[in-house]
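To find a chain, count down the sequence lines: A is the first, B the second, and so on, and within it residues start at 1.
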2 protein chains.
Amino acid sequence: MSQKPTSRYVDFSKLDKTIHEKARLSIMALLAAKAEWSFQDLKSELDMSDGNLITHLRALHNSDYVSMEKDMEKRPQSKYALTATGRVAFERYLEIMEQILKMSKS
Amino acid sequence: MSQKPTSRYVDFSKLDKTIHEKARLSIMALLAAKAEWSFQDLKSELDMSDGNLITHLRALHNSDYVSMEKDMEKRPQSKYALTATGRVAFERYLEIMEQILKMSKS
DNA sequence: GAATTTCACTTTGCATCACAAAGTGAAAAG
DNA sequence: CTTTTCACTTTGTGATGCAAAGTGAAATTC
């Protein structure tokens, strides 16, 4: 069933495309470093437009990597966090990236 | 002149976009690991179409990251390698990626 | 030596996608 | 009650990743 033969090098195809995109990698890294972020904090930290940020957050949410929690009691203030799935996927991404680093340095 | 304020986190905007793209990152990593590659070897290692591969190689060449050397004596057999510029840019990319790894793991 | 294959491309075309700008609706602030 | 803030949504555009098919020259096969 698996068609790609193993090589001496890293299998780059395993690099999760959803995570690899720069903007989303940034978001994932921030969410991994601090548990919960508001939309506003992510926005000012990453310096992205509303539309762009929400689009990437939605993409990550659709992959079940990020949870969106709307706090409806206080004015619309959403909280974003990694899901368990997201954490696992991100760790996997980091592992492969680390292999690339190792391979590239030697 | 520089408008973006420094934050506690990694400055993701410094991640070289030309290198970050998956296909080109793969190429750069392979060229960093082994000095010279033929078109054919890159192609079979990365499992990419001709058009796709040459496009990415050309993009890297246009940024002066990769040298293309046509060996005209023997049938068209091109050799690809990192330029000095390319090596520096790639090392810089790896440094930033390493910061992201560190930050994400703690 | 004619036909086929290999190689390193080029061209074309499509579909995805990043991104910005402007709009929306509700709540809070003034 | 008007304005601002917040968390979005909608729309539009340009870039770009990628495959498929073509090209031309050299090497190989017959």
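Taking atom CG of A:Leu42 as the reference point, atom C1' of D:dC8 lies 14 Å away to the nearest angstrom. Distance B:Leu60 CG to D:dT16 P: 13 Å, rounded to the nearest Å. Counting to the nearest Å, the C1' atom of D:dC8 and the CE atom of A:Met48 are 14 Å from each other. Whole-Å rounding puts the B:Glu21 CD to C:dA18 P distance at 11 Å. Rounded to an integer number of Å, the gap from NZ of A:Lys22 to C1' of C:dC19 is 13 Å. C:dA20 atom P lies 12 Å from atom CG of A:Leu46, rounded to whole Å. For the pair A:Leu25 CG and C:dA18 C1', the interatomic distance rounds to 15 Å; values are reported in whole Å. Straight-line distance from the CD1 atom of B:Ile54 to the C1' atom of D:dA19: 15 Å, rounded to whole Å.
When side chains are defined from C-beta on, A:Glu98 does not count as touching B:Glu98, because their heavy atoms never get closer than 4.5 Å.
Nearest to the side chain of B:Ser78, among C:dC9, D:dA19, D:dC8, sits C:dC9. Candidate nucleotides D:dC18, C:dC19, C:dT10 were compared by shortest atom distance to the side chain of B:Asp50, and C:dT10 ranks first. Candidate nucleotides D:dC8, D:dG17, C:dA18 were compared by shortest atom distance to the side chain of A:Tyr80, and D:dC8 ranks first. Checked against C:dA8, D:dC8, D:dG17, the side chain of B:Asn52 finds its nearest nucleotide in D:dG17.
Distances shown here put every side-chain N or O of A:Arg58 at or beyond 4.0 Å from the OP1 or OP2 atom of D:dC8. The side chain of A:His56 contributes no N or O atom lying less than 4.0 Å from OP1 or OP2 of C:dC17. For the pair B:Ser49 and D:dA20, the criterion of a side-chain N or O lying under 4.0 Å from OP1 or OP2 is not met.
Tested against A:Tyr65 for a side-chain contact (heavy atoms from CB on, under 4.5 Å), the candidates A:Val88, A:Asp16, A:Leu57 yield a single pass: A:Asp16.
The aromatic rings of A:His20 and B:His20 lie parallel to each other, with less than 30° between the two planes, well short of the 60° mark.
Nearest-nucleotide mapping onto DNA chain D: of A:Gln40 and A:Lys17, the residue sitting toward the 5' end is A:Gln40.
Rounded to the nearest 0.5 angstrom, B:Asp50 CG and B:Thr55 OG1 are separated by 10.0 Å. A:Ile27 CD1 to A:Leu60 CG: the interatomic distance, rounded to the nearest 0.5 Å, is 5.5 Å.
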